[in-house]
Amino acid sequence: MTEQELLRRESLAKLRELGIDPYPAEMFDVTAFSSDITANYQEEILEDGTKNRLNYHAVSLAGRIMASREAGKAMFMNLQDAHGRIQLYLRRDDFLQGEEAPLFDLAIKKLLDLGDYVGVKGFAFRTKTGEVSIHVQEFKFLAKSLRPLPVVKKDADGNIYDAFTDPELRYRMRYVDLTVNTEFRQIFIKRTKLIKTMRNYLDDLGLLEVETPILQPIHGGAAARPFTTHHNTLDMKLYLRIANELYLKRLIVAGFDGVYEFAKMFRNEGMDRTHNPEFTALEFYVAYKDYNWMMDITEKMLEKVARAIHEAGGSTAQVGENTIEFAGPYRRLTMFDAIHEYTGLNVESADESELRSYCKKEHIELDATMGKAKLIDEIFGAKVEGHLIQPTFLIDYPMEMSPLTKKHRSKPGLVERFELFVNGKEVANAYSELNDPIDQRERFEEQLRLAARGDEEAMAMDEDFLRALEYGMPPTAGIGFGIDRLAMMFTGQVSIQEVLFFPQMRPEV
RNA sequence: GAUCUCGUAGCUCAGCCGGUAGAGCACUUGACUUUUAAUCAAGGAGUCAUGGGUUCGAAUCCCAUCGAGAUCACCA
């Protein structure tokens with residue numbers, strides 16, 4: 001243990017010797033928050049020049065002591081509660097009566113440490129230097145802190161000194177990060193606002209919020225490597241879901257005409273600043289709709305989200321240098337037109353060997369198993385994706401890449417699919433859902449052929465899902481949103497770790 | 001998985017053409033009854049990520065391992 005930790009444990013023991021419980025069980029009645037008092041405190045100057053305090057004559061607040069300044073027989077502290085900070089003013093004379101006599105000199109002056117949770121009662125006033133403060137009349141230890149927090153100081157101009165910035169420590173000890181770097185709390189508050197706004201919007205549309213299995217015997221609905229686990233009683237392999245799509249569609253078969261789920265997904269793949277092994281998706285499915293309807297709904301929903309999060313209610317979000325406008329309509333661009341626009345290639349008429357030689361020329365990595373559809377996807381990823389800064393619906397994908405999507409109503413070889421790109425990143429993926437069970441079976445069989453060729457991410461045949469489709473699924477539109485990526489965009493963050501409370505980390509030694 | 005950079009006191013960092021460690025804040029003791037990055041005086045605190053090597057001698061040079069970040073690959 002470090003010197004400071006040992007000293008804090010000694011303080012803890014001494015408090016107990018004084019009969020002060022450092023971890024009292026009874027509740028502490030909080031009647032006010034720091035931010036309300038600093039914002040609303042009022043006083044008047046009387047004719048004789050004395051001050052008359054107009055409100056907060058008796059308040060009770062609780063939080064952590066984050067700074068302490070002794071000034072002779074007086075003391076100033078900064079108390080941090082969930083809403084902000086307020087200065088406390090304590091005078092020795094106020095604590096000299098009766099049994100409480102040792103409280104100031106011993107307990108408060110010597111045994112209180114930065115980071116301790118305390119409760120105080122007193123009245124608000126304004127100090128000589130103009131700061132709204134609490135003149136403390138009663139002081140109670142609520143929880144002792146046995147480790148020193150990093151001390152971050154800010155001067156009058158707002159310059160920050162000794163900021164707690166090491167990303168490893170911040171992510172491993174988010175409790176320290178958010179205690180000390182309180183501005184990061186806003187990211188998570190905005191994230192929750194994002195989810196709530198979406199939930200309210202879908203509820204207003206009449207959709208039903210549902211929960212579907214995380215442990216799945218067949219990992220379906222997306223192309224990704226899964227986490228595997230084992231159920232002892234059933235003695236069977238189970239997968240953590242990589243998607244919930246096939247289960248939500250079963251519920252459409254069941255007769256719910258609109259369902260949604262905010263779902264943690266798990267994918268056993270690389271980690272970087274936009275990927276965490278577990279992440280959150282919103283998927284929703286609505287019967288009797290198609291992907292055109294879904295584009296309209298997406299525009300409306302994201303505009304609502306933007307306005308809910310934007311401080312001034314605007315419909316934009318700032319990501320680095322880019323101001324992103326979330327009010328629709330968004331540009332709708334076919335996959336083929338997009339590639340033509342940014343490369344001059346006509347992929348529709350080109351054959352596989354032409355695409356291959358283009359990729360070779362542009363140093364786009366390939367392998368022999370890639371078919372034309374996959375090559376198109378690679379070219380798109382390398383040449384187009386990064387340019388799509390303002391929200392753009394990329395529509396009408398080649399069928400081979402989209403085994404769960406309905407064939408295009410008028411364009412042979414394509415499917416009714418769109419992905420929404422914002423700031424050069426995919427944030428949503430939507431289809432007119434394939435509901436023809438015979439077509440769906442053929443698509444699964446094609447996936448099996450890809451798997452046999454060595455494609456690790458090809459989808460598995462799901463006989464139960466096919467059985468459900470055979471009973472009949474109405475025409476349906478469905479979409480999945482990457483909530484973490486949206487959260488990054490709406491909070492201006494470039495790393496997914498900044499929008500996850502507890503990003504995945506390697507174990508500490 | 002590959003490459004590059006980084007890991008020194010509780011925090012933020014300096015020291016790195018080799019001679020067993022420094023600063024600010026935090027901490028301890030003292031002074032100060034309206035201070036606020038409080039101030040003033042004195043003091044304590046480190047297995048320099050871990051293990052090995054080179055050397056008379058390693059925080060410093062070399063190798064390996066662990067952890068982190070960035071870029072790339074896979075993916076959302």
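Order of the sequence lines sets the chain letters (A, B, ...), proteins ahead of strands, with each chain counted from 1.
Within 4.0 Å (heavy atoms only), A/D93 reaches at least one base atom of the nucleic acid. Residue A/R506 is in sugar-phosphate contact alone, with no base atom involved, counting any heavy-atom pair closer than 4.0 Å across all strands shown. Here A/N276 lies in heavy-atom contact (under 4.0 Å) with a base. Base engagement by A/F125 is indicated by at least one non-hydrogen atom pair under 4.0 Å involving a base atom. Counting any heavy atom pair closer than 4.0 Å across all strands shown, A/G270 reaches a base atom. Nucleic acid contact for A/K128: base, since at least one base atom lies under 4.0 Å from a heavy atom of the residue.
Between the side-chain ring of A/Y161 and the base of B/A37, a stacking contact exists by the 5.5 Å and 30° definition.
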Show me the protein contacts with nucleotides 2-12 of chain B, counting only N or O atoms at under 3.5 Å.
| from | atom 1 | to | atom 2 | distance (Å) |
| --- | --- | --- | --- | --- |
| B/U12 | OP1 | A/D166 | N | 3.2 |

Tabulate protein N/O versus nucleotide N/O from nucleotides 70-72 of chain B, keeping only pairs under 3.5 Å, one per line.
| from | atom 1 | to | atom 2 | distance (Å) |
| --- | --- | --- | --- | --- |
| B/U71 | OP2 | A/R273 | NH1 | 3.3 |

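Contact check, A/K110 against B/U28: no side-chain N or O comes under 4.0 Å of OP1 or OP2. Distances shown here put every side-chain N or O of A/K425 at or beyond 4.0 Å from the OP1 or OP2 atom of B/A76. Distances shorter than 4.0 Å separate some side-chain N or O of A/R172 from OP1 or OP2 on B/A68. Remark: A/R69 is in phosphate contact with B/A38, judged by side-chain N or O atoms under 4.0 Å from OP1 or OP2.
The ring pair (Phe, Tyr, Trp, His ring centres under 6.0 Å) contacts involving residues 118-138 of chain A comprise A/Y89-A/F125, A/Y89-A/H135, A/F123-A/H135, A/F125-A/H135, where partners must be two or more places apart or lie in separate chains.
If you find the closest nucleotide of RNA chain B to A/E426 and to A/M505, the one lying nearer the 5' end belongs to A/M505.
Here A/R191 pairs with A/D484 in a salt bridge; the nearest charged N to carboxylate O distance falls below 4.0 Å. The pair A/R417-A/D396 does not meet the salt-bridge criterion, since no charged nitrogen lies less than 4.0 angstrom from a carboxylate oxygen.
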